[in-house]
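Note that the coordinates shown come from a computational prediction; the quantities given were computed from them, not determined experimentally. Reckoned from all heavy atoms, side chains included, excluding hydrogens, waters and symmetry mates.
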Protein chains: 2
Amino acid sequence: MNTREKVLAAAEELFAEQGYDATSVQQVVARAGVTKGALYHYFSAKEDLLFEIYNSLFTEQTAGLDRIVAQHSDPATTIREIIDDLVITTAARTRAVTVFGREGSRLDAQRWQTLQAAWRRYQDRVRKVIREAQESGEFSSTTSPEVVSWAIFGFTNDIHTWYRPDGPKSAAVIAKELADFVLNGLSKKEDGK
Amino acid sequence: MNTREKVLAAAEELFAEQGYDATSVQQVVARAGVTKGALYHYFSAKEDLLFEIYNSLFTEQTAGLDRIVAQHSDPATTIREIIDDLVITTAARTRAVTVFGREGSRLDAQRWQTLQAAWRRYQDRVRKVIREAQESGEFSSTTSPEVVSWAIFGFTNDIHTWYRPDGPKSAAVIAKELADFVLNGLSKKEDGK
DNA sequence: AAGGGCATACCGACCGGTCGGTATTGACAG
DNA sequence: CTGTCAATACCGACCGGTCGGTATGCCCTT
């Protein structure tokens, strides 16, 4: 682990524990075992740490969505794979999600808006998949794609508050349960009641 | 609006806009139109503001749950009413939810743990309702009460990021859509497929 | 005259960021 | 193989400024 990586890891831990503002650059360098000079050799501002921490996760998740959509599977499979990927990658990086969810808005306006826009695009793509599934006639249209997607994203955005890697359920199992629930929620009733 | 209320309102606005740490006590008193002396006359620390802001909402929501459970309605009705109440009260106080979700953990250990415990108790009561619904045989047990509840709470915890009072859908409509979705997700399929 | 309800001036701690300097490395000339 | 030199990586004392909180005292109501 080189200096840059040590700094980033220490920053992610401390930001998650105490918050961005409440963490001083001194604390970061102390935990990383480097000096302030070293930190400012690699980063031009404290804010850069915040950006780097989240950007890596978001890039990964976007790539996952690209991969899944490119397969052109049937709607149910696609939705299942999206939920799987989201839950698993989020559970693997809970600290980054904690930090960004809490303090993402403290980035400078430019970066914040860029990330916000990218995230909105991600959401829109998921909603499009849901809408197309409903329009195919195979699924119920009772619930709007917006509300369904908010249930999914709300779930994943909150994972960091309750998921523990050593808990009784693995991320994969949780993902399957959520996918079952969402697909059942979208399904039509056979008796049309 | 008396001094105390003006301070609390200003603090809620500023904390939601900029974050707790990033907001100085000076800014709070400036927006409230009072002085620092006045603020410290009513509150003994900045942290008290954070606590007061969230505590009022949480107390209200707990009272709502008490009321609903006391009615002993059938499971579907109870679940629907819980979701209704949660969505509507949360939508009405989005700023408080923003602030607390982001910075609740900055309270001193005592208060934080108290609120955390109270919130966990709230969640457990909701899960109990779901479990009883499943055990009655009327609903599917495919998805665990935990995952269902996390979908609900994830949804409500995230409302503040997208809900706008002047948006196309009222909180009541959103609540109905979510309740429909959750109840459908919990339902059994008639063909047993 | 007493005390609640403030106003104002101020304090010590701490913060993000800077800057002059040093240690280490590696390419290249002789 | 060795000496030179520049680039990279890092050090840590320091600075201007801000922050949460306090001390003191005035006013105005009762």
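The ring-ring contact (aromatic ring centres under 6.0 Å, His included) analysis of residues 141-161 of chain B, with sequence neighbours excluded, yields the pairs A/Trp162-B/Trp150, B/Trp119-B/Phe153, B/Phe155-B/Trp162. Annotation: ring-ring contact (aromatic ring centres under 6.0 Å, His included) contacts involving residues 62-84 of chain B, sequence neighbours excluded, are absent. Within the structure, ring-ring contact (aromatic ring centres under 6.0 Å, His included) pairs that include any residue of residues 18-56 of chain A comprise A/Phe15-A/Tyr20, A/Tyr54-A/Phe100 (at least two apart or interchain). Screening residues 95-104 of chain B for salt bridge (Lys or Arg N to Asp or Glu O under 4.0 Å) gives B/Glu12-B/Arg95 as the qualifying pairs, with residues at least two apart or on separate chains. Listed by first and then second residue, the salt bridge (Lys or Arg N to Asp or Glu O under 4.0 Å) pairs involving residues 16-27 of chain B are B/Glu17-B/Arg31, B/Asp21-B/Arg106 (not counting sequence neighbours). The list of salt bridge (Lys or Arg N to Asp or Glu O under 4.0 Å) pairs with a residue in residues 37-53 of chain A, not counting sequence neighbours, reads A/Arg4-A/Glu52, A/Glu47-A/Arg111, A/Asp48-A/Arg111. Contacts classified as salt bridge (Lys or Arg N to Asp or Glu O under 4.0 Å) and involving residues 155-172 of chain B (residues at least two apart or in different chains) are given here: B/Lys169-B/Glu177.
With a cutoff of under 4.0 Å to any heavy atom of chain A, the contacted region of DNA chain D is bounded 5' to 3' by D/dA9 to D/dG12.
Checked against side chain to side chain contact (heavy atoms under 4.5 Å, CB included), B/Glu132 has the following partners two or more places apart in sequence or in another chain: B/Lys128. For B/Thr59, the side-chain hydrogen bond (donor to acceptor under 3.5 Å, both in side chains) test picks out no residue, with sequence neighbours left out.
Using a cut-off of 4.0 Å between Lys/Arg side-chain N and Asp/Glu carboxylate O, A/Asp84 and A/Lys176 are scored as not salt-bridged.
Listed by residue number, the members of residues 41-51 of chain B with any heavy atom below 4.0 angstrom from DNA chain C are B/His41, B/Tyr42. Using a 4.0 Å cut-off on heavy atoms, the residues of residues 4-31 of chain A that approach DNA chain C are A/Thr23, A/Ser24, A/Val25, listed by number.
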